[in-house]
Number of protein chains: 2
Amino acid sequence: MSTPFPPLAYEPSYRRVAAAIAARIHARALRDGEPLPPETELASQFAVNRSTIREALRELESEGLVERRRGTKRMVVTRPGAGHVAGRVGHALALQDVTIREVWETLTIVEPPLAELAARARQAPGLEAVRAAVDAFEASGADTARAVDEVGAFFRAVASAGGNRVLRLAQEPLLLLLQSALRVMIDRVPQARARIASAQRRILAALEARDAETARTWMLKHVRDFRRGFEVAGIDLDTRVPHPGEAQ
Amino acid sequence: MSTPFPPLAYEPSYRRVAAAIAARIHARALRDGEPLPPETELASQFAVNRSTIREALRELESEGLVERRRGTKRMVVTRPGAGHVAGRVGHALALQDVTIREVWETLTIVEPPLAELAARARQAPGLEAVRAAVDAFEASGADTARAVDEVGAFFRAVASAGGNRVLRLAQEPLLLLLQSALRVMIDRVPQARARIASAQRRILAALEARDAETARTWMLKHVRDFRRGFEVAGIDLDTRVPHPGEAQ
DNA sequence: GGCGGCCCGATTGTCGGACAATCGTATCAT
DNA sequence: ATGATACGATTGTCCGACAATCGGGCCGCC
C-alpha cells in the first residue's frame, strides 16, 4: 500500500495574504497597537489588487487580529480579546444544538475549582471585584437584563481572582450560554434571585476567609441551584440552549 | 447626573450584510449544507456592490458559517466545527502569552471529571475509539509528530466517550496548546512515552470496568505526569506556551 | 506661547465594469 | 446507458473612480 496523495490544495490570494499577515502577528513581528500599513501600500507590497487586500483584512478583522478603533481610520494590530473569542465559541455551541444540560454539567465541573483557585490566590484586588459584583446583583432588583448580566459578572470576577487566563477564557462562552438560558428562567422562579444572592454572599465570605474548601462546595451548590431553577421553571434540561443575543 | 450618551456607532455595509446573513443562519432559516445564493444575486438583493458582498462573505467564511467545499464553486452554509473554533481559541490564548502552567492547571481541572463522565457513559462505541488511540500511541514509536498527535487523540476519544459536547469543545484548544508544548518536551524526556502509555492503559481499563473513581484518579495522575515531564525537560512552567503550528 | 479654527492630503468605504479560469449541466455521439 | 463535448454561470482577481472623513499642518487670535 502506498501513502495516499494529499489533495492538491489551491488557496486563493486573499487567504494567502491573510495568512502572511497573521503569521507576522503571531510571530510578534507586528505587535499589539501597531498601525497596519495602508491598503494601497499593502497592495503594492503583496503585488495584488486593493480589493484582494481588503478581503484579507476582513478575514483578519473577523479573527480579532486587527481592528479599527472607534472613530479612527487606520487599522491597528490587536490581540483577540476574551469577549471576541467567547462570542464566536458561544455561537458555535448554540449552532451545534448543545443542550442546557451540557452547559450546566460543564459549569459544575469548571466553577468549583475556579472558586478554590480564587480562595488560594494572594491578591486582594480581585476580591474587590467579586464584592462589587455581589452588591450589583442585589441592587439590580427586578431589572431582569441587569440581574442576568450581574450573574455573569460574579462568575467572571471569581475567575479573574483565580488568575488563570485559560480558565477565564474557557468559562466565558459558558457564561454567555448560561445567561441566555437564564434570561428565560429567572423571571419564572420567584425565589431565584434570593437564592443566587445568598450563595454569592457565602462564596464571597469564603473567599475573604481564604477558605478554599468552603468556596468550592458553595460554588457547587450555587451551580446546582441553577439546575433546580430550570426544573422549577419547567424548562427541560435537554432542550437546546437559546441562541445568545447580540448584546455584548 | 444624566445617563451618558452611547457612542453613535456606524457599521460599514459589509458588516451589516454579514450580520444579516449570520442572523439567518443562527435562526436556522439557512441550514447546514444549503448552498448560498451567488454573489451577484446577493448583491442585487442587498442592493450593494459585489465587492461589498465578497467582503461580507470573507467575514462569514472566517467565522466558519460558510465554506466552499473542496473543488466546488458555490459556497455552502455550515456550522463552525470543533477544529475551526479550537484553532481560533488556541491562537488567541497563545497571543495572550498564556503560560504552560495555566494550560496544565486547566487540564488538571477539566480532564479528571471528563474521565469520570466517560466511565459512567453507557455506550461502548466510544470506548473503541479510546482503545484505538491507546494502540496508536504505542505504535507511534519514535515518530515524535505522530506520538504527539496520538496523545491528543486519546484525550479527544475520552472526551467523546463522555458525550458532553461543550466539554469536548472546551478541551480542544487546551489540547492544541498542550501538543505544541509537548512537541518540545517529549524528546527530552526518555521515560515520557512509557509513562504516557502506562497511564493510558490504566485509564482505558478503568473505563472498560466502568470504574469512575479509578478513571478519575488515574487521569489526574496522567495529567500531573505532564508537569513532571516539563520539569525534567528543564522547561519553566511559567514560560509562555509555544504558538500552535499550522498543522491541523 | 498656547489654543482654537480652517484647509488639504491621505485613507477608507463603496461603486461600476471587466476578464480569465473553471465548475455545472445540458447536449450529443457511440 | 455511457462517455465526450460545448456552453452558460460563477468565482477570483484586476482596474479605475469618487465621496466621506480622518489626521495633521498652518494660521490667526488671545
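Note that these values count all heavy atoms, side chains included, but never hydrogens, waters or copies made by symmetry. Convention: sequence-line order gives letters A, B, ...; per-chain numbering from 1.
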(Q) What contact category does B/Arg68 fall into here, base, sugar-phosphate, or nothing, at under 4.0 angstrom with non-hydrogen atoms? (A)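 Result for B/Arg68 = sugar-phosphate.
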(Q) Students often get this wrong, so: under 4.0 angstrom with heavy atoms, is A/Ser51 touching a base, only sugar-phosphate, or nothing? (A) base
Q) Among side-chain atoms of B/Glu111 and B/Gln171, is any donor-acceptor pair under 3.5 angstrom? A) yes
(Q) Looking only at the side chains, is there a donor atom on one of B/Glu102 and B/Thr99 sitting less than 3.5 Å from an acceptor on the other? (A) yes
Whole-Å gap separating [atom2] ([N]) and [atom1] ([X]):
X       : N      : atom1 : atom2 : result
A/Tyr14 : D/dC14 : OH    : P     : 13 Å
B/Glu41 : D/dA9  : CD    : P     : 13 Å
A/Lys73 : D/dG23 : NZ    : C1'   : 10 Å
A/Leu36 : D/dC22 : CG    : P     : 19 Å
A/Glu11 : D/dG12 : CD    : C1'   : 13 Å
A/Arg54 : D/dC14 : CZ    : P     : 15 Å
B/Glu39 : D/dT13 : CD    : P     : 11 Å
A/Arg70 : D/dC22 : CZ    : P     : 10 Å

Q) Going 5' to 3' along DNA chain C, which nucleotides are the first and last within contact of chain A (any atom under 4.0 Å from a heavy atom)? A) C/dT11 to C/dT14
Q: Please lay out, stage by stage, how B/Glu39 and B/Arg50 fare under the test salt bridge (charged side-chain N to carboxylate O under 4.0 Å, His left out).
A: CA-CA 6 Å; B/Glu39 297 172 356; B/Arg50 189 161 79 99; 2.6 Å; yes
Q. Is the phosphate of D/dG23, meaning OP1 or OP2, less than 4.0 Å from a side-chain N or O of A/Thr72?
A. yes
In plain terms, say whether [X] and [Y] are close enough for a salt bridge, that is, a side-chain N and a carboxylate O under 4.0 Å apart.
X        : Y        : result
A/Glu128 : A/Arg131 : yes
A/Asp97  : B/Arg165 : no
B/Arg58  : A/Glu55  : yes

Q: Measure distances between side-chain N and O atoms of B/Arg50 and base N and O atoms of D/dT13, and say whether any donor-acceptor pair falls under 3.5 Å.
A: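 Indeed there is one.
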